[in-house]
J.: 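Structure incoming, see below.
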Amino acid sequence: MSETEFYACDVLVVGAGAAGLSAAHAFAAQGRSVIVVGKVETHLAGRTVALFEGSLRFFRALGLWDACEPHAAPMEGIRLIDDTGSLFPTAPKEFRSREIDLDAFGQNIENNALVAELAAAARENPAITLIEGLLDTFELNYSGARARLVGGGWIDAKFIVAGEGRNSQARQIAGITVKTWTYPQTALTVLLKHEKPHHNISTEWHKRSGPFTFVPLQGREGAPHRSSMVWLVSPREAVRLQALYPEELAGEIQDQSHDKFGHIELDGPVGAFPMGALKTDRVTGLRLALIGESAHLFPPIGAQGLNLTLRDVANLVDCLEGLDLDEPDPISRALKRYERDRARDIGFRVNSIDVLNRSLLVHALPVDFARAFALNFFSAVGPLRRALMREGVTPHGPTPKLMRERPPVFSRAARR
Ligand SMILES: Cc1cc2nc3c(=O)[nH]c(=O)nc-3n(C[C@H](O)[C@H](O)[C@H](O)COP(=O)(O)OP(=O)(O)OC[C@H]3O[C@@H](n4cnc5c(N)ncnc54)[C@H](O)[C@@H]3O)c2cc1C
């Protein structure tokens with residue numbers, strides 16, 4: 001690609017992970033011409049995402065879920081088990097989706113399969129140009145935006161959606177301040193095959209190092225019972241566990257799960273992800289909006305990360321609906337609305353996951369007592385219990401159009 005090569009579009013999406021590709025599809029469905037730039041990475045070890053009802057509605061509305069569904073397994077229940085050894089132990093708690101009139105809380109899908117399907121659909125969509133590269137320079141002006149491709153070439157855009165993750169350069173150019181912090185934890189991830197069925201229930205043991213979770217996965221030939229595991233451990237323990245032979249690690253996982261799923265074998269490579277968090281003072285700039293991990297990051301507790309990201313996207317699409325992107329003033333007003341709408345949702349998730357995670361890491365009787373009391377109280381009082389379940393699946397506040405119960409259906413044929 002030469003320095004003089006030149007592209008133009010309505011919306012430039014930075015990042016071709018699950019966030020960026022989802023945004024590309026949503027803006028294409030709104031009738032915008034979209035360029036999405038990023039590396040399509042489909043070799044993330046052991047990672048899955050549990051997508052809740054709102055996120056599934058989003059993908060269904062865009063005609064994307066049919067291709068993903070064969071890779072996904074439903075989550076009809078969530079089981080929480082206190083394994084901290086605290087002096088205030090709580091009895092195991094089980095939450096069922098039918099208590100809030102849903103067949104399932106959501107579906108668990110391998111990250112790689114989701115990204116591969118979103119990328120394949122983007123390549124087929126005439127409104128989307130997918131460039132598998134990187135951008136290294138951004139210019140944001142009142143009259144338009146521009147970005148340079150590494151290796152040459154410029155993209156002119158009326159609007160930029162920054163979904164390139166925690167080290168977002170577009171965020172930096174927009175002068176958005178970011179606060180980051182780390183936790184003394186690494187998430188070990190791996191897909192597992194096990195002897196006993198999971199019955200479509202996700203099981204989360206709360207341990208002193210953080211949650212240790214089995215999330216249901218679709219079975220396959222020769223391995224009818226499969227789950228994905230996320231285990232938060234200290235960085236030193238992560239190094240030790242990663243150095244084990246596969247059968248030794250499987251044995252330790254079996255011990256940690258108290259044999260609940262019988263004999264366990266690894267079903268793929270092991271991933272290790274250092275835990276950190278991030279929040280920003282704003283999520284907008286001149287002709288720019290942040291989505292996903294450019295705007296928020298937190299540990300994988302309660303499966304909130306990508307679900308929150310898809311609410312960013314669906315909300316941004318609503319804010320820009322019907323706007324002529326050549327006109328700067330209506331865009332500024334739309335971005336004020338996006339800023340206001342996202343502040344509460346993002347702030348609530350980043351802060352509550354921070355508190356929950358620290359409550360496991362801190363060895364203090366009052367904290368143990370407060371955690372046990374809160375869990376017992378919320379799970380025992382029917383309306384609170386259901387409100388808690390609904391909040392995890394379809395959070396309170398205005399629901400974006402793409403996440404409503406009967407969202408508009410954009411078929412691929414209709415878009416062409
Ligand atoms: C262990 C673990 C378990 C999780 N489980 C869940 C779950 O169950 N449910 C859930 O909702 N969330 C979950 N999450 C969070 C979820 O996985 C992430 O939010 C999501 O995968 C992030 O996707 P993304 O597209 O924002 O970022 P990424 O996947 O990091 O993609 C970033 C993209 O930006 C591109 N890029 C970077 N720099 C540039 C540049 N300069 N120019 C162009 N492109 C660039 C990259 O090439 C890449 O394509 C989990 C996270 C972890 C760590």
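First listed ligand is number 1; within each ligand, the first listed atom is number 1. FYI, the numbering just counts along the sequence from 1.
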J.: For the backbone of K336 and the side chain of T284, can you confirm whether one donor and one acceptor N or O come within less than 3.5 Å of each other?
T.: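 It does not hold such a pair.
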J.: Check each atom of ligand 1 against the heavy atoms of A303 and keep those under 4.0 Å away; list them by number with element.
T.: 7 (C), 8 (O), 9 (N), 10 (C), 11 (O)
J.: Measure the spacing between CE of M403 and CZ of F52 and express it to the nearest 0.5 Å.
T.: 12.0 Å
J.: Quick one: nearest non-hydrogen protein atom to atom 20 (C) of ligand 1, plus distance?
T.: E293 OE2, 4.1 Å
J.: When you measure from atom 32 (C) of ligand 1 to each heavy atom in G20, G38, G163, A170, which option holds the nearest one?
T.: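 Comparing heavy atoms across G20, G38, G163, A170, the nearest one to atom 32 (C) of ligand 1 lies in G163.
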J.: Checking the side chain of E237 only, and the main-chain atoms of S234 only, is there a donor and an acceptor separated by less than 3.5 Å?
T.: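 The answer is no, because no donor-acceptor pair under 3.5 Å joins these two groups.
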J.: Who's the nearest protein heavy-atom neighbour of atom 4 (C) of ligand 1, and how far?
T.: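 The answer is P300 CB, 3.6 Å.
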J.: Could you check, using the six-membered ring where one of them is a Trp, whether F6 and W154 have ring centers closer than 6.0 angstrom?
T.: no
J.: We want to know whether E41 and H43 form a side-chain donor-acceptor pair, criterion being a heavy-atom distance below 3.5 angstrom.
T.: no
J.: Measure the distance from atom 41 (N) of ligand 1 to every protein heavy atom, then report the residue, atom name and distance (to 0.1 Å) of the closest one.
T.: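 Looking at atom 41 (N) of ligand 1, the protein heavy atom closest to it is L135 O, 2.9 Å.
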J.: What residues form a side chain to side chain donor-acceptor pair (under 3.5 Å) with R146, not counting sequence neighbours?
T.: D156
J.: Which protein heavy atom lies closest to atom 51 (C) of ligand 1, and at what distance to 0.1 Å?
T.: R47 NH2, 3.5 Å
J.: Tell me, please: is V40 in heavy-atom contact with ligand 1, that is, under 4.0 Å?
T.: no
J.: Do L51 and W65 come close enough that some side-chain heavy atom pair is under 4.5 Å?
T.: yes
J.: Return the option from L297, L306, L308, N111 holding the heavy atom at the smallest distance from atom 21 (O) of ligand 1.
T.: N111
J.: Just jot down the ligand 1 atoms closer than 4.0 angstrom to any heavy atom of K39, in number order.
T.: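 Those qualifying, in numeric order: 47 (O), 48 (C), 49 (O).
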J.: So F159 and F27, would you call those rings parallel, tilted or perpendicular, with 30° and 60° as cut-offs?
T.: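 Because their plane-to-plane angle lies in the 30° to 60° range, the rings of F159 and F27 count as tilted.
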J.: Can you check which of G46, A19, A119 brings a heavy atom nearest to atom 25 (O) of ligand 1?
T.: A19
J.: Among R166, E41, E164, M75, which one puts a heavy atom closest to atom 37 (C) of ligand 1?
T.: E164
J.: Taking 4.0 angstrom as the limit and counting only heavy atoms of V14, give me the atoms of ligand 1 inside it, by number and element.
T.: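 Within the 4.0 Å cut-off of V14, ligand 1 contributes 42 (N), 43 (C).
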J.: What protein heavy atom lies closest to atom 29 (O) of ligand 1? Include the residue and the distance to one decimal.
T.: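 Protein heavy atom with the smallest distance to atom 29 (O) of ligand 1: G17 CA, 4.1 Å.
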J.: Give the numbers and elements of all ligand 1 atoms closer than 4.0 Å to a heavy atom of G15.
T.: 33 (C), 34 (O), 35 (C), 44 (N)
J.: Would you indicate whether R282, at its atom CZ, is surrounded by more than 12 heavy atoms from other residues, nucleotides or ligands within a distance under 6.0 Å?
T.: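 Yes, the 6.0 Å shell around CZ holds more than 12 heavy atoms from other groups.
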J.: Of the choices V115, V49, T48, V13, which has the non-hydrogen atom that lies closest to atom 16 (C) of ligand 1?
T.: V49
J.: Distance under 4.0 Å to a non-hydrogen atom of N307: what atoms of ligand 1 satisfy this?
T.: 9 (N), 10 (C), 11 (O)
J.: Between T203 and H198, do the side chains contain a donor N or O and an acceptor N or O under 3.5 Å apart?
T.: no
J.: Under 4.0 Å from a heavy atom of Q304: which atoms of ligand 1 are those, numbered in the order shown and with their elements?
T.: 11 (O)
J.: Under 4.0 Å from any heavy atom of T189, which atoms of ligand 1 are there?
T.: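 Matching atoms, with element in brackets: 1 (C).
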J.: Does the N or O separation between A16 and ligand 1 drop below 3.5 Å for any pair?
T.: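 Such a contact does occur with ligand 1.
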J.: What protein heavy atom sits nearest atom 9 (N) of ligand 1, and how far away is it?
T.: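 Here the closest protein heavy atom is A50 O, 3.2 Å.
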J.: For the residue pair L290 and R342, establish whether any side-chain heavy-atom pair is separated by less than 4.5 Å.
T.: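 A side-chain contact is absent here, since even the closest heavy-atom pair is not under 4.5 Å.
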J.: Give a yes or no on whether a salt bridge exists between E110 and R226, defined as a side-chain N under 4.0 angstrom from a carboxylate O.
T.: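 Salt bridge present between E110 and R226.
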J.: Side chain to side chain contact (heavy atoms under 4.5 Å, CB included) between R57 and L402: does it pass, once the steps are laid out?
T.: CA-CA 7 Å; R57 288 179 196 161; L402 283 167; over 6 Å; no
J.: Protein heavy-atom contact under 4.0 Å for atom 47 (O) of ligand 1?
T.: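 Yes, because at least one protein heavy atom sits under 4.0 Å from atom 47 (O) of ligand 1.
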J.: May I ask whether V37 has any heavy atom positioned less than 4.0 angstrom from an atom of ligand 1?
T.: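 Flag set, V37 near ligand 1.
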